[in-house]
2 protein chains.
Amino acid sequence: MLNEKQDSWPAGMKKTKQRMCVYSALEQSEIPLSAAEIYQKISNSGTEISLSTVYRILECFVRETAAVKTTLPQSDTAMYALIRRQHAHYAICLSCHKIIELENCPLENYVPHLSESEFHVLGHRVELYGYCKNCEAKKN
Amino acid sequence: MLNEKQDSWPAGMKKTKQRMCVYSALEQSEIPLSAAEIYQKISNSGTEISLSTVYRILECFVRETAAVKTTLPQSDTAMYALIRRQHAHYAICLSCHKIIELENCPLENYVPHLSESEFHVLGHRVELYGYCKNCEAKKN
DNA sequence: CTCGGTGCAAACTCTTTGCATTGAC
DNA sequence: GTCAATGCAAAGAGTTTGCACCGAG
């Protein structure tokens, strides 16, 4: 039971400086990040990394099911989050694109009207759209 | 019995052959379509259209809030659907990427733990992930 | 007739790939 | 020392844009 260490570093995956930086960037973020954002965070913190390496590392994490790749609306860039946060859901502001993490999962007690024989449900995504406090105020 | 007035054609938007074809393609589909799919459907039905025009028309529909742009997981291409179908939700097969429309909305009775003063909720998206009947069978 | 819509090709952005070099085990 | 990981640059996919021509109102 070693929870204090990296909870979900993929078994047998080499720990290079770059990979640990990417993992750490994702770990420290409450919301999904794009490859470019991760690249920026790491570069700003003084570590050398190339953008293509960021993409390759993210691809590894996704393949090893340590992370998920997703895409938010009104943006064509892929976002990545650790599986640990996979079950988090978000409210997204249509104006400033701010992402707010939801506290509870609306689907906790939901049973889809899809029989298990038709579709084997493994996970889900929920997103709310609207305007955040600031943008709502600006509109009026 | 054809509706002379399309239910949600944006007010004041010129009705060109190409625009009506795009609208009709979206109208006839139960699931969101990519620009390329729309282009194919229209081309196959014998109407000349260019891909960039499809993109421009979709952009118009989105700007006029007649359609929504979204992106499904494990695909980097944007998908479009008429607002009329905006409230539809889907189950997506992780193996064959088939999209199945859900019959009911799991959020119908959901009140988010976000006060209205913090975020003005206008809409939502729900997606289930898993394996469809066929792919589930193949795995075993 | 006018002005917005369209087609084409080129540009742009995000992402992936080939290849030589580097570094973790 | 070996083989996978990295950096760089170039290639790809999807999408957007500039410009001349076309066609709906």
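Please read all numbers here as calculations on a predicted model, not as lab measurements. Numbered from 1 within each chain, the chains take letters A, B, ... in sequence-line order.
If you take CG of B:Leu51 and P of D:dT17, they are 14 Å apart, rounded to a whole angstrom. If you take CD1 of A:Ile57 and P of D:dA4, they are 16 Å apart, rounded to a whole angstrom. Atom CD of B:Glu64 is separated from atom P of C:dG5 by 10 Å (rounded to the nearest Å). The distance from atom CG of B:Asp76 to atom P of D:dG12 is 18 Å, rounded to the nearest whole Å. Between the NZ atom of B:Lys14 and the P atom of D:dC22 there is a distance of 15 Å, given to the nearest Å. One can place CH2 of A:Trp9 at 12 Å from C1' of C:dA24, the figure rounded to the nearest angstrom. B:Tyr55 places its OH atom 18 Å from the P atom of C:dC12, with the value rounded to the nearest Å. For B:Leu58 and C:dT6, the CG to P distance is 11 Å, given to the nearest whole Å.
Atom CD1 of B:Ile83 sits about 11.5 Å away from atom CD of B:Glu64, to the nearest 0.5 Å. The CZ atom of B:Phe119 sits 8.5 Å away from atom CG of A:Leu102, with the distance rounded to the nearest 0.5 Å.
Shown are A:Ile57, A:Leu58, A:Thr53, A:Ile49; of these, the side chain to side chain contact (heavy atoms under 4.5 Å, CB included) with A:Arg19 is made only by A:Ile57.
Heavy-atom distances to DNA chain C give each of A:Lys17 and B:Glu48 a nearest nucleotide, and the one nearer the 5′ end belongs to B:Glu48. Comparing A:Cys60 and B:Glu59, the nucleotide of DNA chain D nearest to each residue sits closer to the 5' end for A:Cys60. Heavy-atom distances to DNA chain D give each of B:Arg56 and A:Ile49 a nearest nucleotide, and the one nearer the 5′ end belongs to A:Ile49.
Side-chain atoms of A:Tyr129 and A:Glu127 include a donor-acceptor pair closer than 3.5 Å.
Close to C:dA24, at under 4.0 Å from its OP1 or OP2, lies no side-chain N or O of A:Gln18. For the OP1/OP2 pair of D:dT17 and a distance below 4.0 Å, the side-chain nitrogens and oxygens of B:Ser52 include no atom meeting the criterion. For the pair A:Thr53 and D:dG7, the criterion of a side-chain N or O lying under 4.0 Å from OP1 or OP2 is met. Distances shown here put a side-chain N or O of B:Arg19 below 4.0 Å from the OP1 or OP2 atom of C:dT6.
Within 4.0 Å (heavy atoms only), A:Ala78 reaches sugar-phosphate atoms of the nucleic acid but no base atom.
Classification of the B:His120-A:Tyr131 ring pair by plane angle, with boundaries at 30° and 60°, yields tilted.
Under 3.5 Å, the side chain of A:Ser34 and the base of C:dC14 form no donor-acceptor pair of N or O atoms.
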